[in-house]
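One structure below.
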Amino acid sequence: MTEHLGENAELYPLGLLDDDATRDVERHIALCDACAERVAQAESTAASLAAALPVASPSPALERRLHEFARSQLGAAKARASIFRFALAAAVALIFLGLGWRTLVLQERLKTEDVALVTMVHSHFNHVSMSPESPNPVAAKILYARDGSWMYIIADKPGGSLHAIAETARGTVDLGVLTSTGETASLLVRPSERIRSMLLQRAGTNVASAKLAY
Amino acid sequence: MDELVEAFAARRPSGLEQVYALWSRLFFSVARHVISDSARAEDCVHDALVRVWRGPNRFAGNREMLKAYLVTCVRNESLATLRSEGRRDARELKVARLAPVSAVDPPVVDPVESRRLQDALGRLPEEQRTALTLAYYGNKTHVEIAQELNVPLGTIKSRISMAMRKLQTDLASAEGTRS
């Protein structure tokens, strides 16, 4: 990590830094808790300075614009959610169908992987939407067991090969490339240690990230 | 986590709408102080809120922290717009207000808070108060302030930084006394 922000922590919320320095601050505080705290305190002080500004009220048009934007995003989110629900349902159905067929035909030859899949379907799990990053992000979700034993990453319209990078207590782990089926891409992993956060990269660029809570 | 913060961080439309309902006048007042044209100031508020709401967020704190963060974003968006349009001229720039509150300019927040701020500003060493006031209320860059006061740039940065930290301590102390 680069050295701490120093005086720039106070200059940033006042808008005194140029574009490059502003980006440096934003990148740094994403990684440094101490500087993030210092910037947050400076932001609070800067917000207090607004107490002496002359009051001004926006026109109703601004509220309408934001309302329309918010509603349009709600529609988009519903569309994305329906795609995810379909993909998830399809994935679970395939798992069950696959297991059912094997159970009928090869009942005596159930393997460890099959048991893991049964465990996954029946276990308690959480899910999280990944935060989009970069100007060309990807919409993705992660389903993961509350005990951290498995994780299923699924991305909508991957737009190219997606690479999954996990962060654990011991550092980053390359989980490999998601398997693409065109409209979606997915990856099922059984991590050997607890994953704290996940990053998806396309051609070396971060396109989505998420922190995982257990 | 606060319900409003959670809704905003989760990118729920209700989070964006509630944030606007609570602090729209504050955001607009901050933008309007930088950009005198109301329509462009509204664009800055809109763009800043939408950008923060859509992008990766870093706030996991309380409501006041979210407000402060958004105020910073609105101010930075407004200053960036002003600078990118190259209109830092006499018509666009507000004159630095060494005494920002006056009888004809009602404050954005309650008079008690405004008074506390005025008192805290008054307790700053004069050179620090001047630098901070020119930066915030005068919308000047630290380079411009250094030139105007004929003081090295590093000194101006230090004065502003120290002023902010002293103000922060002073306001926190006053808050503790009041509560």
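Each chain gets a letter, A, B and so on, in the order the sequences are listed, and its residues count up from 1. Just so you know, these numbers use all the heavy atoms, side chains as well, and skip hydrogens, waters and symmetry mates.
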Inset, instruction - Below 4.5 Å from any heavy atom of chain B, which atoms of A:Leu16 appear? Answer side chain, backbone, both or neither. - result: both
Legend entry - Max heavy-atom pair count under 4.5 Å with chain A, selected residue of B:Val50, B:Leu16, B:Leu167: B:Val50
Legend entry - Partner chain B: residue of A:Leu49, A:Thr45, A:Leu14 with the largest heavy-atom pair count (under 4.5 Å): A:Leu49
Legend entry - Residue B:Glu64 versus chain A: region with a heavy atom under 4.5 Å: neither
Inset, instruction - Name the option with the most non-hydrogen atom pairs under 4.5 Å to chain B; the candidates are A:Arg38, A:Glu63, A:His67, A:Arg65. - result: A:Arg65
Legend entry - Among B:Ala135, B:Ser38, B:Ser158, B:Ala80, residue most engaged with chain A (heavy-atom pairs, under 4.5 Å): B:Ser158
Inset, instruction - Report yes or no: is the cationic atom of B:Arg75 (NZ for Lys, CZ for Arg) closer than 6.0 Å to the six-membered ring centre of B:Tyr136, at no more than 45° off its axis? - result: yes
Inset, instruction - Supply the atom-to-atom distance B:His33 NE2 to B:Ser78 OG, rounded to the nearest 0.5 angstrom. - result: 10.5 Å
Legend entry - Heavy-atom pairs under 4.5 Å with chain A, option from B:Asp43, B:Val45, B:Leu49 with the top count: B:Asp43
Inset, instruction - Among the options B:Arg12, B:Met162, B:Glu42, pick out the one with the most heavy-atom pairs lying under 4.5 Å from chain A. - result: B:Glu42
Inset, instruction - Could I get the full list of side chain to side chain contact (heavy atoms under 4.5 Å, CB included) partners for A:Val128, not counting sequence neighbours? - result: A:Ile142, A:Tyr144, A:Ala210, A:Leu212
Legend entry - Distance-only side-chain donor-acceptor flag, B:Arg40 / B:Thr81, under 3.5 Å: no
Legend entry - Under the side chain to side chain donor-acceptor pair (under 3.5 Å) test, residues paired with A:Glu37 that sit two or more places apart: A:Gln41
Inset, instruction - Look at A:Pro13, A:Ala47, A:Gly6, A:Pro137 and state which one has the largest set of heavy-atom pairs under 4.5 Å with chain B. - result: A:Pro13
Legend entry - Within-4.5 Å side-chain heavy-atom neighbours: B:Cys44 and B:Ile35: yes
Inset, instruction - State, without any angle test, whether A:Glu10 and B:Ser161 hold a side-chain donor-acceptor pair at a distance under 3.5 Å. - result: yes
Inset, instruction - Answer with side chain, backbone, both or neither: which region of A:Asp18 has an atom nearer than 4.5 Å to a non-hydrogen atom of chain B? - result: neither
Legend entry - Proximity breakdown for A:Ser59 and chain B, heavy-atom pairs closer than 4.5 Å: both
Legend entry - Donor + acceptor pair across side chains of A:Tyr12, A:Glu26 (<3.5 Å): yes
